[in-house]
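The figures here come from the full heavy-atom set of this structure, side chains too, leaving out hydrogens, waters and symmetry mates. Just so it is clear, the structure is predicted and the values come from calculations on it, not from any experiment. Protein chains get the first letters and strands the later ones, always in sequence-line order, with residue 1 at the start of each.
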Amino acid sequence: MIHSAPRLRMIPVGDDEMNNAKSWVHIADLGKHVGCLVSVRGWLQAHRSSGKVAFLQLRDGSGFCQCVVAADVPDAFAKTASLTLESSLTVVGEVRADQRAPGGFELLVRELDVIHIAAEYPISRKAHGTDFLMNHRHLWLRSPRQTAILRIRHRLIQAMRAFFDERGFTLIDTPLLTPGAAEGAGTLFPVDYFGDPVYLAQTGQLYLESAAMALGKVYCFGPTFRAEKSKTRRHLTEFWMLEPEVAFAELPEIAELAEALVMELVTTALRDCQAELAHLGREVAPLQKIALPFPRCTYSEVVDLLHSGQVRSQLEADMVAAENRLGELRAQLAEAEEARGGARKQWQQERLDQTLQQVREEIREVETRIRNLPAHMESAATFAWGQDLGGDEETIVSRQFDAPVIITHYPKTVKAFYMKPDPQDPRVVLNLDMIAPEGYGEIIGGSQREEDEHALLARMDEEGMDRAAYEWYVDLRRYGSVPHGGFGLGVERVVAWICGLRHIRETIPFPRLMGRLTP
RNA sequence: UCCGGCGUAGCUCAAUGGUAGAGCGGGUGGCUGUUAACCACUAGGUUGUAGGUUCGAGCCCUACCGCCGGAGCCA
């Protein structure tokens, strides 16, 4: 944290210069100034008052601090009466260590200046629904849970870039406006470009391959856009992707790079974001179990697994477990409803109401799972070689392991034209997907690229693609073509997984989802 | 696009087809150590929209709108 440290003077209480104190201190640093008079500025996050003492909880972005205003400081005390939630203010006071203060330190206020009295703040300290919170995303960001997520996101992005910078990669910014592409045009957002239709990029890869031929090891980090009409907890229409591309690298090397990156992210979070993960209630044991190398299997092995009795009995066990859970929850619901009727105290009622809501929500979830499980069993048992793996299949596979799992060698028919077929078995390509544990889905997709001009052109023809539009891309195979490959990592999915979030919408400051563009 | 769920006060939620309620938040007053403070009082409603069934609809039926979750597709 940067503050005016060089000019900071710690002024002992009672010093005549007290009133000239302009030593702004960040709340995170209060512990260094116990017994001194300091100034703090921030927003009022919570307040309580008795007749003769008021407690103000101030947030300044670095932390939270309880400010105590006693009635024997009449000027300041009078001002506390007008304060509303999220009002901005500055206070001057003495830092004290006190067990009763959240965080262990508090400020005994001498002066209080109001910067702005906030209008009635829509977000209370009580529970809100997601629609309401999403409509107030610009304010929701101020809540401790959201700031914790944003800090973890920041730290992980820092670690991603450091990972590649330290390995000699060069950052390449790829264009976001791209000409009409044959590949998956239905999932691209069209943009009017001086009268011509162009599209928002869904990957920087083709451009990155060009740059890899110039610089050897490159990566891009930027937003990508998918117009898929997906309304699930794993999808955004605008999300950030980290894509490395490496010249002379073949599939095994790409896989090693991918697992080293993800391992580094997990290690970073566990080391540097303990407080934030704790605040989110993230159980860290599953993250701590992760170690290199990550398990690997081929698509064909996954198909065999899906057909196995192992998976069948696991899904049957899931069904029994879900039904048992549902029974438990219904009993819990009935019990809580009865207790609710008999509850006298308000706080008891409130607590029970909250329990009721949680139980009802989980019941809906378990019911959904029970509805879907027969379909999962059916699709696993009848899964035919050549189909693409769906989210259900991925989840089934990932549950066999404690770490992210790398699946390679998919049928070429379900993968992109630029992926290189396996010389040992041309039905499959040299690709990799990495599936996160705990049902968070695919976090990485990548491959070794086809480096032969004629093979690439043949694949483009098969896909019915316009050769002219990709002349420049094919050129890379005409001037010193080399084996190369890379992958893309979905930043938000990684953040959601590491934070243990139920929904991806909280991983990005202003999520763009199907049907939601504001704020 | 398909399947399921939900829509009641500013917010979170109650309410057998029979007088629409509570808590929080707001307002007023009280309280010298609060931790989602507490206590008392108070204001606050076209039950998403439009039809229908019924003596009577927040509740039942139909359509539409909105939101949530899931499938497909993907990172």
A.B. asks: For the side chain to side chain donor-acceptor pair (under 3.5 Å) test, which of A:N431, A:D388, A:D433 pairs with A:Y410?
C.D. replies: A:D433
A.B. asks: Please state the C1' separation for the pair B:rA20 and B:rG45 - nearest whole angstrom.
C.D. replies: 8 Å
A.B. asks: Mapping A:A46 and A:M134 onto RNA chain B by nearest heavy atom, which one lands closer to the 5' end?
C.D. replies: A:A46
A.B. asks: Should the ring pair A:F132 and A:H136 be called parallel, tilted or perpendicular, given that the plane angle runs from 0 to 90° and is split at 30 and 60?
C.D. replies: tilted
A.B. asks: Take atom P in B:rA9 and the same atom in B:rU47, then report the distance between them in whole Å.
C.D. replies: 10 Å
A.B. asks: Give the ring-plane orientation class for A:W385 versus A:Y299, where under 30° counts as parallel, over 60° as perpendicular and anything between as tilted.
C.D. replies: perpendicular
A.B. asks: Grab the CZ-P distance between A:F77 and B:rG33 for me, whole Å please.
C.D. replies: 12 Å
A.B. asks: Sort out the partner of B:rG72 for me: Watson-Crick or G-U wobble, both distances under 3.5 Å, none otherwise.
C.D. replies: none
A.B. asks: Under 3.5 Å, is there a donor on one side chain and an acceptor on the other for A:R100 and A:Q66?
C.D. replies: no
A.B. asks: Rounded to whole Å, please give me the gap between CG in A:D131 and C1' in B:rG10.
C.D. replies: 14 Å
A.B. asks: Does the plane of the ring in A:F189 sit parallel, tilted or perpendicular to the ring in A:F225? Use 30° and 60° as the thresholds.
C.D. replies: perpendicular
A.B. asks: Under 3.5 Å, is there a donor-acceptor pair linking the side chains of A:Y418 and A:E209?
C.D. replies: no
A.B. asks: Using the P atom as the reference point in each nucleotide, state the distance between B:rU8 and B:rU46 in Å, no decimals.
C.D. replies: 12 Å
A.B. asks: Which base sits across from B:rG66 as a Watson-Crick or G-U pair, both distances under 3.5 Å?
C.D. replies: B:rC6
A.B. asks: Write down the distance separating the C1' atoms in B:rA22 and B:rA14, rounded off to the nearest Å.
C.D. replies: 7 Å
A.B. asks: To the nearest Å, give me how far apart CD (A:Q66) and P (B:rA36) are.
C.D. replies: 11 Å
A.B. asks: If the P atom of B:rC39 is compared with that of B:rG33, how far apart are they to the nearest Å?
C.D. replies: 16 Å
A.B. asks: Got a salt bridge between A:R282 and A:E438, using NZ or NE/NH1/NH2 to carboxylate O under 4.0 Å?
C.D. replies: yes
A.B. asks: Give the rounded distance in Å between these two atoms: CE of A:M514 and P of B:rG69.
C.D. replies: 12 Å
A.B. asks: Which part of the nucleic acid, if any, lies within reach of A:P122 when heavy atoms closer than 4.0 Å are counted: base, sugar-phosphate only, or nothing?
C.D. replies: nothing
A.B. asks: Any chance you could list the contact pattern along nucleotides 70-75 of chain B? Use B for base contacts, S for sugar-phosphate-only contacts and - for none, protein heavy atoms under 4.0 Å, 5' to 3'.
C.D. replies: BBBBBB
A.B. asks: How long is the span from the CG atom in A:L200 to the CG atom in A:L176, to the nearest 0.5 Å?
C.D. replies: 7.5 Å
A.B. asks: Could you state the CD1-C1' distance from A:I123 to B:rU12, rounded to the nearest angstrom?
C.D. replies: 14 Å
A.B. asks: From CG of A:L108 over to P of B:rU34, roughly how many Å is that when rounded to an integer?
C.D. replies: 16 Å
A.B. asks: Would you mind pulling out the nucleotide paired to B:rA20, Watson-Crick or G-U wobble, both distances under 3.5 Å?
C.D. replies: none
A.B. asks: When you check the phosphate oxygens OP1 and OP2 of B:rA36, does a side-chain N or O of A:R48 lie under 4.0 Å from one of them?
C.D. replies: no
A.B. asks: Can you tell me the base-pairing partner of B:rA57? Count Watson-Crick or G-U wobble geometry only, both distances below 3.5 Å, and say none if there is no partner.
C.D. replies: none
A.B. asks: Going 5' to 3' through nucleotides 25-31 of chain B, assign each nucleotide B (protein heavy atom under 4.0 Å from a base atom), S (under 4.0 Å only from sugar-phosphate atoms) or - (no protein heavy atom that close).
C.D. replies: SS----B
A.B. asks: With rounding to the closest Å, how many angstrom separate the P atoms on B:rC13 and B:rA50?
C.D. replies: 25 Å
A.B. asks: Tell which nucleotide pairs with B:rC38, taking only Watson-Crick or G-U wobble pairs whose two distances are both under 3.5 angstrom.
C.D. replies: B:rG30
A.B. asks: Rounded to the nearest 0.5 Å, what separates atom CG in A:L156 from atom CD in A:Q158?
C.D. replies: 9.5 Å
A.B. asks: Using the P atom as the point on both nucleotides, what is the distance between B:rU53 and B:rG58, in whole Å?
C.D. replies: 16 Å
A.B. asks: Rounded to whole angstrom units, what separation is found between the CD atom of A:E106 and the C1' atom of B:rU32?
C.D. replies: 13 Å
A.B. asks: State which of B:rC67, B:rC11, B:rG69 makes the closest approach to the side chain of A:R505.
C.D. replies: B:rG69
A.B. asks: Does A:Q45 reach a base, just sugar-phosphate, or nothing at all? Heavy atoms under 4.0 Å.
C.D. replies: nothing
A.B. asks: Tell me: NE2 of A:H279 to P of B:rA36, nearest whole Å?
C.D. replies: 12 Å
A.B. asks: Between B:rC11 and B:rA36, how many Å separate the two C1' atoms, rounded to a whole number?
C.D. replies: 14 Å
A.B. asks: Using 30° and 60° as the class limits, which term best fits the ring planes of A:F169 and A:Y219: parallel, tilted or perpendicular?
C.D. replies: perpendicular
A.B. asks: Salt bridge between A:R155 and A:E276, side-chain N to carboxylate O under 4.0 Å?
C.D. replies: no
